[in-house]
Protein chains: 2
Amino acid sequence: MKTIKDVAKLAGVSPATVSRVLNNSASVRSSTRHKIEQAIKALDFRPNESARALVRQNVKTIGVVISELSEPFFAQMAASIEATAKKHNYRVLISTGSLDANKEKSAIESLIAQQCTALVVNSKVLPDHDLIQFANNNPGFVLINKYVEQIKHRCVWFDNELGGELLAKQALTKGHKSIAVVMARQKAHDSSRRLKGVRRAFDSFGQRLSLKDIYHASPDFKGGQHALTRILKSDKQYTAVLCYNDMVASGVLAQLSSLKYSVPNDMSVIGFDDVLIANYCSPKLTTIKYPIDVMAQKATDLSLSLISANESQLNANGYCYKPYAVQRQSVARV
Amino acid sequence: MKTIKDVAKLAGVSPATVSRVLNNSASVRSSTRHKIEQAIKALDFRPNESARALVRQNVKTIGVVISELSEPFFAQMAASIEATAKKHNYRVLISTGSLDANKEKSAIESLIAQQCTALVVNSKVLPDHDLIQFANNNPGFVLINKYVEQIKHRCVWFDNELGGELLAKQALTKGHKSIAVVMARQKAHDSSRRLKGVRRAFDSFGQRLSLKDIYHASPDFKGGQHALTRILKSDKQYTAVLCYNDMVASGVLAQLSSLKYSVPNDMSVIGFDDVLIANYCSPKLTTIKYPIDVMAQKATDLSLSLISANESQLNANGYCYKPYAVQRQSVARV
DNA sequence: TTGAAAGCGCTAACAC
DNA sequence: GTGTTAGCGCTTTCAA
């Protein structure tokens, strides 16, 4: 392995000067610089990042914690973080938390041990006080998809309640009266806030959402399939199904299709998130946009500016992103 | 930041002994070990991985190069690598290559500079001689989804030709005579090998694939939509469309659906890869399985065993994975 | 503008 | 079993 000494020897200078060229840290006579650059090229030298990290006490790596990389929503988030990090010349170290508090915690800790000063964490199950403690000990710690009052300036989150409201309004404004709602089973998910928004919309339309109309399912394709089966078994004649996310909605769609129901004529279906599949299923899903791309970008920028002490432009209230409706073909007027 | 010295001081021992406990590297009296473990816990100490990497000349991090993280196929691959790495107590450093030879090269180089001795690379556009050179200088360098003769023992690849053959047979065995084929535009993709397999199947059925029946498209949803439009404009009455991948097939499906064609009655459609969406679209796609999960796992294990000199169980011929057909509902008999 | 030297936190010989 | 010491490759004072 080539080291800075090899370069120095070949260029006939000291290692310190090579370092100066590498970092543009002090003025170096241009002839000297040239010699060094030649030597670097000749040896195909690349500085050892571990050594740099050790002496600089940080590493040009942003740590990312997510629950599950294979889910489209998170994959998109990770992709957006990676793209943003790349612009700042940072790499991305990914660790999964798998919906387990201990694993989530050790995922974060391991990234910190790797000297990641920048950290973008999508915590699903870790208690707030743990998150606050991490934030206090790590200047570059940022939460995404989560709001924690005490460290809100490090949070990039989404207005789930408004999302729920918009979700319900997609059906309510088209005259639907008998509406089923499919939410996620886990408390950890954003179900309860979305449901609150759904209720608010019902109230504003003078309608009532009964507990019986709320179905619980795992937040994926299979969950949607199962939920729809239960929905059809009920004695109510629903005309619309509000879904926790687009994967659930796809499952609902698939099940309806296999039962020869026509969407949106026999049943309207509304998704949430607007991931790729919403645009790819048939009929295309009317859904609620969760702007995860720009949120991920913001979280990355935020983390990076927090560690560069470039705090002038920080928003003390954090960053809340709003949903909006994306109307496609899965909703009919009744 | 806590260091090994702090722990040593608190436990009343030397740093070396702390290191021994940390690494289980030599026998330590159990009472001493206990004291040290107490001190580690009390200080919430975690060893600095950069320092370890520097002295050990490697890092417990596996570098991954892929073209685009947001594509479902690659997201699934990345997820599988991460899961496997985690089992070996490795982290994952991800870098994207974006179908550009220079970016791909610098992505690999940057991972090497980070001391990643284990490397799983999905190269799309880098010339073989570059890959061979990387392999020669990096014992843990492994290629996935690619076969390079000179370093085949470091390759985990897929039998695209057989895949193409199976793809065509899904239609041929059901009596289709007029078949359109949609392949990827880029040479970099596996199109040509798949096409070769398609041709072989046609030959074995005594049928002829004319150049006019081959359509080129970008390997995604939009590409599928556009391709189908061109297919329907042709003067031939096709009864089946063979697609480069499931995303293309979804686009074909969507376009057919919007034109009120019924699948598979009016047209049969066959995908490739068997990503999630193949199971989620309507009708469910008949497709060819690309076992990316197990391949990614194998590539990760291979890379890790290459650097641990645990080469006894290595296969000098590399690892070729075979496709198989997954029959669902998008193909009819004619 | 450049070089010498110290040291980041850790591991691994080599003593004892 | 445990401590002492050197040094991994780099950056950064401090002098010159």
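Atom set for the values below is all heavy atoms of this structure, side chains included, hydrogens, waters and symmetry mates excluded. Proteins come first, then strands; the chains are lettered A, B, ... in the order of their sequence lines, and each starts at number 1.
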Whole-Å distance separating the [atom1] atom of [X] from the [atom2] atom of [N]:
| X | N | atom1 | atom2 | answer |
| --- | --- | --- | --- | --- |
| K60(B) | dC10(C) | NZ | C1' | 16 Å |
| R56(B) | dG9(C) | CZ | P | 17 Å |
| K5(B) | dC10(C) | NZ | P | 10 Å |
| I4(B) | dG3(D) | CD1 | P | 12 Å |
| K9(B) | dT2(D) | NZ | P | 20 Å |

Applying side-chain hydrogen bond (donor to acceptor under 3.5 Å, both in side chains), can you list everything that pairs with [X], at least two apart in sequence or on another chain?
| X | answer |
| --- | --- |
| S106(A) | none |
| Y147(B) | E149(B) |
| T84(A) | none |

Q.
Please give me every residue in residues 21-29 of chain A whose heavy atoms get under 4.0 Å of an atom in DNA chain C, ordered by residue number.
A.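 Close to the strand are S27(A), V28(A), R29(A).
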**Q.** DNA chain C contacts among residues 33-54 of chain A, heavy-atom distance under 4.0 Å
**A.**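 Hits under 4.0 Å, by residue number: L54(A).
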How many angstroms lie between atom [atom1] of [X] and atom [atom2] of [Y], to the nearest 0.5 angstrom?
| X | Y | atom1 | atom2 | value |
| --- | --- | --- | --- | --- |
| N122(B) | L143(B) | CG | CG | 9.0 Å |
| Q114(B) | Q114(A) | CD | CD | 10.5 Å |
| H153(A) | N315(A) | NE2 | CG | 10.5 Å |
| N136(B) | Q150(B) | CG | CD | 9.5 Å |
| L10(B) | D6(B) | CG | CG | 9.0 Å |

Q: Keeping to residues at least two apart or across chains, list the ring-ring contact (aromatic ring centres under 6.0 Å, His included) pairs with something in residues 51-74 of chain B.
A: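 Output for this query lists F73(B)-Y290(B).
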Q) What is the nucleic acid contact for V18(B), judged by heavy atoms within less than 4.0 Å: base, sugar-phosphate only, or nothing? A)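 If one applies the 4.0 Å heavy-atom cut-off, V18(B) turns out to touch nothing in the nucleic acid.
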(Q) Under the salt bridge (Lys or Arg N to Asp or Glu O under 4.0 Å) definition, can you give me all pairs with a residue in residues 50-69 of chain B, not counting sequence neighbours? (A)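 Applying salt bridge (Lys or Arg N to Asp or Glu O under 4.0 Å) to every pair that reaches into residues 50-69 of chain B, excluding sequence neighbours, yields E49(B)-R52(B).
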Q.
Filter on salt bridge (Lys or Arg N to Asp or Glu O under 4.0 Å), then keep only pairs touching residues 83-106 of chain B, sequence neighbours left out; what's left?
A.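 Passing the test, one end in residues 83-106 of chain B: K105(B)-D130(B).
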Q. Within the side chain of N48(A), is there an N or O that forms a donor-acceptor pair under 3.5 Å with the backbone of S50(A)?
A.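 Pair found, side chain donor or acceptor close to backbone of S50(A).
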Q | Side-chain donor or acceptor of T17(A) paired with backbone N/O of V13(A) under 3.5 Å | A |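 No: the side chain of T17(A) does not pair with the backbone of V13(A).
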Q. Should T96(B) and E82(A) be marked as a side-chain hydrogen bond (donor to acceptor under 3.5 Å, both in side chains) after you check the CA-CA gap, both sets of side-chain angles, and the distance that decides it?
A. CA-CA 8 Å; T96(B) 54; E82(A) 201 271 344; 2.9 Å; yes
Which donor-acceptor pairs under 3.5 Å do the side chains of residues 33-44 of chain B make with protein atoms, sequence neighbours left out?
| unit_1 | atom_1 | unit_2 | atom_2 | d |
| --- | --- | --- | --- | --- |
| R33(B) | NH2 | N24(B) | OD1 | 3.2 |
| D44(B) | OD1 | R46(B) | NH2 | 3.0 |

Q. So what does the secondary structure string of DNA chain C come out as, 5' to 3', with Watson-Crick or wobble pairs under 3.5 angstrom, [ ] for crossing and | for pairs with another strand?
A. ||||||||||||||||
Q: Output yes when at least one side-chain N/O atom of T3(B) is less than 4.0 Å from OP1 or OP2 of dG9(C), else no.
A: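 Negative; the distance criterion is not met.
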N/O to N/O distances under 3.5 Å, protein versus nucleotides 4-6 of chain D:
none

**Q.** side-chain hydrogen bond (donor to acceptor under 3.5 Å, both in side chains) assessment of Q76(B) paired with S70(A)
**A.** CA-CA 5 Å; Q76(B) 211 170 320; S70(A) 63; over 6 Å; no
Q.
Which residues in residues 108-119 of chain A have a heavy atom closer than 4.0 Å to any atom of DNA chain D?
A.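 Contacts with DNA chain D under 4.0 Å: none.
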